[in-house]
Number of protein chains: 2
Amino acid sequence: MDAPAPTAGKRQLPEIRARSFDQSRDSHSLIENLLTEKQQQDFRKIATVLEYRRGGSTIFAEGEDAHFVYSIAAGVVRVSRMSQNGRRQVLALMLPGDLFGLPDGGIYVNSAETACPATLYRVPWQKLQSLMLREPALQLNLLNRVAYDLREAQRRIMVLGQQNTRQRLATLLLDFIVHPAFFDEEQSLLALPLSRFDVADYLGTSAETITRGLGHLEAQGVIRRVDARTLEIRNLEGLRMLQNQKRRKDR
Amino acid sequence: MDAPAPTAGKRQLPEIRARSFDQSRDSHSLIENLLTEKQQQDFRKIATVLEYRRGGSTIFAEGEDAHFVYSIAAGVVRVSRMSQNGRRQVLALMLPGDLFGLPDGGIYVNSAETACPATLYRVPWQKLQSLMLREPALQLNLLNRVAYDLREAQRRIMVLGQQNTRQRLATLLLDFIVHPAFFDEEQSLLALPLSRFDVADYLGTSAETITRGLGHLEAQGVIRRVDARTLEIRNLEGLRMLQNQKRRKDR
DNA sequence: CGTGATTTTGAATGTCGTCAAAATAGGTGG
DNA sequence: CCACCTATTTTGACGACATTCAAAATCACG
């Protein structure tokens, strides 16, 4: 008698480990890229590194008081919301470099969970705000972040409004192919860090349909399923073509 | 050999009239509400009032250099983008009080057209920016605007990802029912200011499906079609129930 | 009152959600 | 390392829902 979590299957318990920011030296974070040396130092002083060992761990939940914002170092986070009919919609997938958890009127309006093992930077919102007061450049940065999120959301609207499931799937794959963390260009192997449920909830469809969609792409020779979450991309151009077709193939 | 405008039907030529802001005294604009007297005076100095006599007039187009931002006094504006397959997606419907046209890297990333006769306030982006430099409150205001648009976009994602056409239609109607400008509560009459094409492109479906969807709602006794664009709302609660049902009625 | 746009209706069929159940993968304790 | 339990993924069947093309009906406006 837990949460219904309709489309999502059961998930393991969270397991986290935290340490100070300075001890970690990771790759690229979008936040860092936009900050000066001085600002980065300030930022590190107030950031904590969180390591989530499992997918399915809750970072924060819809309706909670918002005390922190997060930035991703590694892994994938799904930002989602429950619809009234009890189904989950993943609003955005956060990849390394992304920022999420901006409060809205003091509370989180969405939930965030790890979709796979992930490493995050956590920053107290209060401290970030006072830091921004001293560093106007940071404030402008925030505006750019929100504007970026808006553009991404509009892109999702295009996808959900115009494409059928196979096309949405193609778009998703292409989004991940761009990220070297998930796509091995040498072998043309894509390591999908998401369950069928996560993909389904992101694309507004069901896990079964995702499976069948992948089967369809494989039948067309565009991809090959190595295992459930590993795909060989056999025809990248074909994937791109797919996106621009009509929603339905008639006659 | 004009633009293809696939889902949208032909539309009339634009017809505009401009006058200075001070000559008009209209109802509520979201911008005004958030500004002090002093700020409003400054704002009026740089605003121009535009009156569009027809629906289908282009306000600005995707890719153009962005020189102005707009606020709606009356009417409806559709903010849309063309997908590669040549279909139009309406990203947002702007109603009285809304602000739109924020540039993205100096250009408009979306198009904006009137969906029906409309009155707009136009403000030069340059001047608004320098005004914001002098009035930090205005700057914060801008952040709030973008944040608001993001929340709205996320709401659209929920709708497009979770609801079937009839449910989306119900959501659309409920959105308009909230606005006194379109809903006569006395007679329970809703004056839809949109063509079937506009509704279809907004909900990510086809005009035919919209017609059939309305037919379905009428058959259920939830609404009654007075004429193509006038609906009598017979069961508001029923409309709301509709939204939370499962996407598909099986067995 | 004619002309073009909008809306409606029909028919055919592709696509997808849902339920059910089998097959596979992953992890735990012996 | 295997047995076992559970979660994930796949497959099948069925019918609801939606897209598309076509054409008729209605509306709007000059």
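Sequence lines set the chain letters: A, B, ... in the order given, protein chains first and strands last, and positions in each chain run from 1.
Remark: C1' of C:dG17 and CD1 of A:I210 are 12 Å apart, rounded to the nearest angstrom. We find that CG of B:D201 is positioned 12 Å from P of C:dT7, with the value rounded to whole Å. The interatomic distance linking A:L242 (CG) with C:dT15 (P) rounds to 11 Å, in whole Å. With rounding to whole Å, B:R229 atom CZ is found 13 Å from D:dC27 atom P. In this entry the distance linking CZ of B:R196 with P of D:dT26 reads 15 Å, nearest Å. Look at CG on B:L192: it is 14 Å from C1' on C:dT6, rounded to the nearest Å. B:L217 has its CG atom 13 Å from the P atom of D:dC17, to the nearest Å. In this structure, B:F197 places its CZ atom 11 Å from P of C:dT8, rounding to the nearest Å.
Inter-residue side-chain proximity for A:Y202 and A:I210 is flagged as unmet; no heavy-atom pair is nearer than 4.5 Å. Counting heavy atoms from C-beta outward, A:K246 and B:N85 have side chains that stay 4.5 Å or more apart. In this structure, the side chains of B:L214 and B:L231 come closer than 4.5 Å at one or more pairs of heavy atoms.
When the nearest nucleotides of DNA chain C are assigned to A:H216 and B:R212 by heavy-atom distance, the more 5′-ward of the two goes with B:R212. Of the two residues contacting DNA chain D, namely A:K246 and A:L194, the nearest-nucleotide position lying further toward the 5' end is that of A:L194.
Between B:D201 and the options B:R88, B:R87, B:Q89, B:R196, a side chain to side chain donor-acceptor pair (under 3.5 Å) holds for only B:R88.
Taking 4.0 angstrom as the limit, B:T209 places a side-chain polar atom (N or O) nearer than this to OP1 or OP2 of D:dT19. Neither OP1 nor OP2 of D:dA18 sits under 4.0 Å from any side-chain N or O of A:K249. Contact annotation: A:S206 side-chain N/O to C:dT18 OP1/OP2 distance is not under 4.0 Å.
Set against D:dT11, D:dT8, D:dA16, the side chain of A:E208 has D:dT11 as its closest nucleotide. Closest contact between the side chain of A:D250 and the listed nucleotides D:dT19, C:dT7, C:dT18 involves D:dT19. Here the nucleotide nearest the side chain of A:A228, chosen from D:dT9, C:dT18, C:dT7, is D:dT9. Which of D:dT19, D:dC21, C:dC16 sits closest to the side chain of A:N164 comes down to C:dC16. Here the nucleotide nearest the side chain of A:R248, chosen from C:dA12, C:dG17, C:dT18, is C:dA12.
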(message) The test is ring-ring contact (aromatic ring centres under 6.0 Å, His included); show your working for A:F60 and A:F68 and say whether it passes.
(response) CA-CA 9 Å; A:F60 56 77; A:F68 303 99; 9.8 Å; no

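A:G204 comes within 4.0 angstrom of the backbone, heavy atoms only, and of no base. Residue contacts for A:T211: at a heavy-atom cut-off of 4.0 Å it reaches a base atom on one of the strands shown. Nucleic acid contact for B:R166: sugar-phosphate only, since backbone atoms but no base atoms lie under 4.0 Å from a heavy atom of the residue. Residue contacts shown for B:R225 are limited to sugar-phosphate atoms, with no base heavy atom under 4.0 Å away.
Between A:F176 and A:F182, the two ring planes are perpendicular [angle over 60°; tilted spans 30° to 60°].
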